Amino acid sequence: MSTNVLRTTDGWWVVRDARAVRIDTKAVTTAELLADRTAVGAAAVSAEAGTPVAGLVALSPVTTPCRVVAQMVNYRSHARDSGFTGDIPPAFFRKASGSVSAPHENIVRPQHVKFLDYEIELGLVMGAPLPVGTVVEERDLPSYVAGLVITNDVSARDVQLTRTQFYESKSYPTFTPTGPYLAVLEPEDFAHLLDLRLKLSVNGDLRQDRTPADMIVRPAQALTLLARFQALDPGDLLLTGTPGGTALKAPPKVVEKIGALLPPALKWKAFFKSQAKNPRYLHQGDLITATIATQDGRIDLGEQRTPVTDAN
């Protein structure tokens with residue numbers, strides 16, 4: 001059974017139900033913690049007799065600096081929403097490590113961003129080096145992936161689309177809320193990854209609700225493809241794509257064909273004029289709630305609650 005780890009300002013804790021035990025470790029980074037699995041295991045044994053979790057303030061379990069890599073259009077439902085048809089080639093992009101933020105910290109919308117979107121994603125936390133050229137089979141996942149986290153790939157759609165700029169649009173500070181728990185997995189837990197259910201709500205309105213069975217490229221294959229050109233180290237984070245249900249939707253085919261005839265400046269002006277009527281984009285005062293868990297509770301990554309605020 002997986003072990004949930006919480007990080008606070010004064011250390012690392014193993015959480016079991018409503019109680020927590022401090023991990024006796026000198027680890028500062030997530031990579032150092034994952035190397036000290038004996039200490040994690042010792043805390044897990046006595047977690048039920050620990051301190052009440054209430055009052056512990058969760059920080060991101062993934063400390064920076066770390067690589068943050070993400071898969072693009074990796075759920076069939078998201079591909080349909082985005083207007084993709086046919087085969088979708090696997091694609092990756094990077095996010096700045098400085099975008100990683102705590103699981104209850106405000107998401108801050110920059111002043112120039114008008115169309116702010118959410119994307120719940122299952123995050124894989126590496127536990128061992130992944131050298132370039134590595135081939136990862138399903139049976140090998142426990143050798144490379146140490147645990148799982150909830151992540152939200154927050155996106156400035158007007159920056160992303162008009163500039164075809166993924167790195168900037170997804171890398172502003174607070175644009176990767178992560179946590180609250182790092183679920184450290186046992187080898188037998190990996191058989192249950194497809195049973196996880198990703199749910200994201202905005203102000204109580206359920207927007208996204210899917211399992212990884214909807215993935216186009218699953219984790220072992222994704223790591224193999226990524227390792228063709230990108231090495232990963234312990235503590236690095238791979239975001240595995242988002243399900244359908246984001247605010248952004250592709251326009252109807254007729255509208256898309258008409259838009260293709262317009263000069264780029266006019267096309268985007270018309271597109272975002274129509275998007276301005278879409279109430280699903282994020283605004284100041286919105287509260288995003290995200291959970292990832294199996295129905296039987298074998299793996300439960302906790303609940304992430306992130307308010308949205310505008311930059312001063």
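Quantities reported herein were computed from a predicted structural model and do not represent experimental measurements.
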Check: V5 and V15 side chains under 4.5 Å, non-hydrogen atoms: no
Go through the side-chain N and O atoms of S155 and K170 and say whether any donor and acceptor fall under 3.5 Å apart. yes
For the pair T25 and D36, evaluate side chain to side chain donor-acceptor pair (under 3.5 Å) and give the outcome as yes or no after the intermediate values. CA-CA 7 Å; T25 181; D36 197 359; 2.9 Å; yes
Is there a side-chain contact (heavy atoms from CB on, under 4.5 Å) between V14 and N4? Walk through the geometry before answering. CA-CA 6 Å; V14 163; N4 280 351; over 6 Å; no
Stepwise, does the salt bridge (charged side-chain N to carboxylate O under 4.0 Å, His left out) test hold for D24 with R22? CA-CA 6 Å; D24 184 15; R22 187 191 296 273; over 6 Å; no
Test side chain to side chain donor-acceptor pair (under 3.5 Å) on T242 and Q208 and set out the steps. CA-CA 9 Å; T242 196; Q208 295 182 279; 2.8 Å; yes
Test salt bridge (charged side-chain N to carboxylate O under 4.0 Å, His left out) applied to D117 and R157, step by step: CA-CA 7 Å; D117 209 349; R157 297 301 192 195; 2.9 Å; yes
Within the structure provided, determine whether L237 and L124 are in side-chain contact (heavy-atom separation under 4.5 Å). no
With distance as the sole test, does T164 use its side chain to make a donor-acceptor pair with the main-chain N or O of Q160 at under 3.5 Å? no
State whether the side chain of D189 and the backbone N or O of E186 hold a donor-acceptor pair below 3.5 Å, judged by distance alone. yes
N106 versus T309, side-chain donor and acceptor atoms under 3.5 Å: no
Indicate yes or no for a side-chain donor-acceptor contact from Q284 to the backbone of D310 under 3.5 Å, with no hydrogens or angles considered. yes
With side chains defined as the heavy atoms from C-beta onward, is the minimum distance between L116 and V308 less than 4.5 Å? yes
In the single-linkage hydrophobic clustering (I, L, V, M, F, W, Y; side-chain heavy atoms under 4.5 Å), do V135 and F229 co-cluster? no
Regarding R210 and Y75, do their side chains bring together a donor and an acceptor under 3.5 Å, going by distance alone? no
For the residue pair L59 and T9, establish whether any side-chain heavy-atom pair is separated by less than 4.5 Å. yes
Flag, side chain of D81 to backbone of H78, donor-acceptor distance under 3.5 Å: no
Distance-only, no hydrogens or angles: does the E121 side chain make a donor-acceptor pair with backbone N or O of N152 under 3.5 Å? no
Spell out, as yes or no, whether a donor-acceptor pair under 3.5 Å connects the side chain of T162 to the backbone of D158. yes
Counting N and O atoms only, with roles assigned by atom type, does the side chain of S171 sit under 3.5 Å from a partner on the main chain of A96, one being a donor and the other an acceptor? yes
Give me the ring orientation class for Y281 and F115: parallel if the planes are under 30° apart, tilted from 30 to 60°, perpendicular past 60°. perpendicular
With P212, which of L198, T240, L193 fulfils side-chain contact (heavy atoms from CB on, under 4.5 Å)? L198
Only one of D209, T291, T211, T294 passes side chain to side chain donor-acceptor pair (under 3.5 Å) with R197; say which it is. D209
Taking atom types as modelled and ignoring hydrogens, do the side chains of S101 and T174 form a donor-acceptor contact shorter than 3.5 angstrom? no
Is the closest side-chain heavy-atom distance between V149 and Y181 below 4.5 Å? no
For salt bridge (charged side-chain N to carboxylate O under 4.0 Å, His left out), just list the numbers for K26 and E32, CA-CA rounded to whole Å, side-chain angles, deciding distance to a tenth of an Å, and then say yes or no. CA-CA 8 Å; K26 296 180 180 179; E32 292 171 347; over 6 Å; no
With distance as the sole test, does W12 use its side chain to make a donor-acceptor pair with the main-chain N or O of A27 at under 3.5 Å? yes
Could you tell me if the side chain of T178 sits less than 4.5 Å from the side chain of I150, heavy atoms only? no
